[in-house]
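In what follows, a structure is listed as structure tokens, so that the remarks can point back to it.
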Protein chains: 2
Amino acid sequence: MTTKNATIKDVAREAKVSVASVSRVLNGTGGVTPQTQKVVREVAARLHYVPDSAARSLITGRTHTIGAVLPDLYGEFFSELIRGIDLAARARGLHLLVSSSHDGVDDAAAAVRAMRGRVDGMLIFSEYVDAAFLDANLPAALPAVLLNSAVKSARYPVLTIDNRGGASAMVQHLIESGRKRVAFIAGSKTNFDAQQRDKGYRAAMAKFAPDLPLNIVPGDFSEESGYRAGVELLAQKKRPDAVFAANDMMAVGCLMAFKQAGVQVPQEIALAGFDDILIARYVSPSLSTVQVRIADLGRAALERLAALLDPDANTPAPAQTLGCDIVVRETSGGSTGAASTRRPRRPPK
Amino acid sequence: MTTKNATIKDVAREAKVSVASVSRVLNGTGGVTPQTQKVVREVAARLHYVPDSAARSLITGRTHTIGAVLPDLYGEFFSELIRGIDLAARARGLHLLVSSSHDGVDDAAAAVRAMRGRVDGMLIFSEYVDAAFLDANLPAALPAVLLNSAVKSARYPVLTIDNRGGASAMVQHLIESGRKRVAFIAGSKTNFDAQQRDKGYRAAMAKFAPDLPLNIVPGDFSEESGYRAGVELLAQKKRPDAVFAANDMMAVGCLMAFKQAGVQVPQEIALAGFDDILIARYVSPSLSTVQVRIADLGRAALERLAALLDPDANTPAPAQTLGCDIVVRETSGGSTGAASTRRPRRPPK
DNA sequence: AATCGCCATGAAAACGTTTACGTTCCGCGC
DNA sequence: GCGCGGAACGTAAACGTTTTCATGGCGATT
């Protein structure tokens, strides 16, 4: 074994054929005698020949790599998302170039631009993207799929979680289990998910409890903001008998506030969150929540992109909106200690 | 804007210079008149010229990309690790090609081989790697850094968490706070971290409680195995007054067993885990544990690799072993409800 | 028996860079 | 006034593939 890697020429020389034949054999393009194929394969294996991907990319214009631009996501979400993407990518023989943790438009723009020419397509998950951003930073010809974005673009497919339906279903569940005064702890104003969940709450209230007033207190997805919201809710003249937080961390914070005030959950006030993070199962009482299958979102996004990459392959385009499941645990359950129930929901349309 | 991307030739033509000059200007190699530079830069900007990375890689032999091969890691760990790596990589202008979620030697081998030629160096985190694996799958010339591996290799640097020291310090803490009979719930036999934590337990017991017997029950890092271990420990004739689990999930499972049996924590039995996962803070009583700074591990690994990549740059090689901190919470604390205390520890050597 | 056409194969161009080497030009020292 | 050196710049080779096109051989059809 020398220090230099074997090239296609070395293989051709050893196998006493031309480089063209070697290329044909290794790529499965037809037109080569079985016995020639055999010889070439043997020599290639003997020399540990691996095609140089740079040279190949140079001429084919394809990198077999897709880029994922992600924000500095919350841990569990992030890892599940990458996991789903990676799994689907590997199944298709695609490589995954990631760039995570940016806050700020410029940061995100730099990340997108840096991937130019290195990837065949992109998965973009960022609250900073809009139509202008994409026009400015994406090469016109580069396929891309947007995740959880408010952008409505004809050029780029957008995949979202059914935040609205999930939130709506949770409110419905709370009302149907006898709660009347359902309050909502909102998430960050600028966050797309937060906005959708807010809409879901409003829609469900309008539909299932049209004569009851809305009760929305602000939050920012942090545990602290949930705690503050809990305190605020307890101070209200007519306390709610159910609280729905726009994410689990706020629900946990709210729960702490209730515990500290000696308020019984779920006897006096029911509580529910959104995301089904791992903690939800372990706080006591355990937290009812809306489960989002994040890995599925990643997988679906990659498959959508793959469909864009080669339109020939009749890859069916997966659904644009991913459903959420309601997970009923102790904080909204009838009987404490009951096993959690999951209620599958299908996305609309 | 045409459909085709501008090449260096286009820039050269427009700027009325040769491609060589364009290359020189854009790469900062000297030998070009300031005014020529100005013209070239202007034209390049106007045409939105971006050098083709494939062509560049082909001739320079460098990709400015590093590959990370990771196992199907536990969520929080995984995301923190990638985050650390990504941050450090971006600071150095390196791209990050990830391949996660594999179980099995063949799977890992395929992942490593698939990156051949696409990366300048590799970060490998897999319990399947050993010297033979590396010889078989890694090109001889490719720099690589191993994470949390038992491999002792002269060719590849290995970075580890100070599992042993962390475990030892936790046992010391338990003993110093008055516990006598400290039991240990072990992790998977084949796992490197588990082995090291086991050694730490034994070492600390030998040092701080030499006349007390060891008490080790098996586990496999899962919550269920922690629960079973808890039940087993309660059934012992002489119950331990402290239990140290090799990771947090098992500690949580054990805590559930204790709660269910009506055993008071920490009054009757103290409890501690390892990892400081998010849940540790939220179970009640909150869990004392050993915190590992995973993002730092990722960062250090990348910096080590970067140092290998260009030995000229006097990048100081970071420490081989990353320290852990002891986090004292309620399950091992004196007073319930006290704020958590963190005790920084420096790694040995 | 001659021609046609197909099939396996080879030669060479092309992809977009970097870089070694040549060339030109200018200023300076003799 | 001549040569010399160095700076600025251009030419062309090289990187390792894929792919188009040409070529030769051979069997089948007339």
Side-chain angles (χ1 to χ4, degrees), chain A residues 2-41 43-44 47-65 95 116-120 139 141 310, chain B residues 2-41 43-44 47-65 114 116-120 139 141 310:
Chain A
T2 74
T3 173
K4 208 87 184 71
N5 277 337
T7 77
I8 198 171
K9 285 181 189 164
D10 300 325
V11 178
R13 184 171 1 92
E14 292 279 317
K16 300 191 199 311
V17 295
S18 72
V19 292
S21 294
V22 177
S23 176
R24 279 191 273 257
V25 171
L26 267 29
N27 289 319
T29 333
V32 187
T33 297
Q35 86 188 40
T36 308
Q37 289 202 26
K38 184 159 170 288
V39 175
V40 169
R41 280 188 211 287
V43 174
L47 299 186
H48 296 110
Y49 170 68
V50 177
D52 181 289
S53 51
R56 179 177 279 182
S57 294
L58 177 57
I59 192 139
T60 60
R62 275 181 128 36
T63 62
H64 291 283
T65 303
H95 294 255
R116 241 189 111 148
R118 314 182 78 90
V119 298
D120 292 342
D310 54 341
Chain B
T2 75
T3 172
K4 208 83 184 78
N5 278 336
T7 76
I8 198 172
K9 285 181 189 165
D10 300 326
V11 178
R13 184 171 3 90
E14 292 279 316
K16 299 192 200 312
V17 295
S18 72
V19 291
S21 293
V22 177
S23 176
R24 280 191 272 257
V25 170
L26 266 30
N27 289 319
T29 333
V32 186
T33 296
Q35 87 186 41
T36 308
Q37 290 201 24
K38 183 157 172 288
V39 174
V40 170
R41 283 189 209 286
V43 173
L47 300 186
H48 296 110
Y49 169 68
V50 177
D52 181 288
S53 50
R56 178 177 281 182
S57 293
L58 179 57
I59 193 143
T60 61
R62 277 180 121 45
T63 62
H64 292 284
T65 303
R116 240 190 111 147
R118 312 182 80 90
V119 298
D120 292 342
D310 54 341

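This is a predicted model, so every value here is computed, not measured. In the text below, chain A, chain B and the rest are named by the order of the sequence lines, each starting its count at 1.
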When the side chains of residues 10-20 of chain B are checked against the rest of the protein, which donor-acceptor pairs come out under 3.5 Å, sequence neighbours left out?
unit_1, atom_1, unit_2, atom_2, d
Asp10(B), OD1, Arg13(B), NH2, 2.6
Asp10(B), OD2, Thr7(B), N, 2.8
Glu14(B), OE1, Arg46(B), NH2, 3.4
Ser18(B), OG, Ala20(B), N, 3.4
Ser18(B), OG, Ser21(B), N, 3.3

Can you name the nearest heavy-atom pair linking Ser53(B) to Gly117(A), along with the distance? OG-O, 3.5 Å
To the nearest Å, give me how far apart CG (Leu58(A)) and P (dC15(D)) are. 14 Å
Could you work out which one of dG10(C), dT18(D), dG16(C) sits closest to the side chain of Ser21(A)? dG10(C)
Without decimals, in angstroms, what is the distance between Asp52(A) CG and dT17(C) P? 16 Å
Taken in chain and number order and not counting sequence neighbours, the residues that satisfy salt bridge (Lys or Arg N to Asp or Glu O under 4.0 Å) with Arg41(B) are none
Taking the side chain as C-beta and beyond, is there a heavy-atom pair between Asn5(A) and Val50(A) under 4.5 Å? no
Could you tell me how far apart Lys16(B) (NZ) and dA8(D) (C1') are, to the nearest whole angstrom? 19 Å
Of the nucleotides dG16(C), dA12(D), dA14(D), which one has an atom closest to the side chain of Ile59(B)? dA14(D)
From the list dC15(D), dT11(D), dT18(D), which nucleotide is the closest neighbour of the side chain of Arg56(A)? dT18(D)
Using a heavy-atom cut-off of under 4.0 Å over every strand shown, decide if Val11(B) touches base, sugar-phosphate, or nothing. nothing
Can you pull out the residues from residues 23-39 of chain B that lie within a 4.0 Å heavy-atom distance of DNA chain D? Arg24(B), Gly31(B), Val32(B), Thr33(B), Thr36(B)
Run the side chain to side chain donor-acceptor pair (under 3.5 Å) test against Thr63(A) and tell me which residues pass, sequence neighbours left out. Asp120(A)
All pairs passing salt bridge (charged side-chain N to carboxylate O under 4.0 Å, His left out) where residues 50-64 of chain A contributes a residue, at least two apart: none
Compute the bend angle of the helix from dA1(C)-dT30(D) to dC30(C)-dG1(D) from the end axes (five pairs per end), rounded to 10°. 60°
Provide, to the nearest angstrom, the distance between the NE2 atom belonging to His64(A) and the P atom belonging to dT18(D). 10 Å
Taking all atoms of both residues into account, what is the closest heavy-atom pair of Leu26(A) and Tyr49(A), and its distance? CD2-CE2, 3.4 Å
Counting just side-chain N and O atoms, does Ser18(A) come under 4.0 Å of either OP1 or OP2 of dG10(C)? yes
Specify the closest pair of heavy atoms between Arg118(B) and His95(A), including all atoms of both residues, with the distance to one decimal. CD-CE1, 3.5 Å
First of Val17(A) and Ala55(B) reached from the 5' end of DNA chain C, by closest nucleotide: Val17(A)
Nearest whole angstrom, please: distance from the C1' of dT19(D) to the CD1 of Ile8(A). 11 Å
For Arg62(B) and dC15(D), give me the distance from atom CZ to atom C1', rounded to whole Å. 16 Å
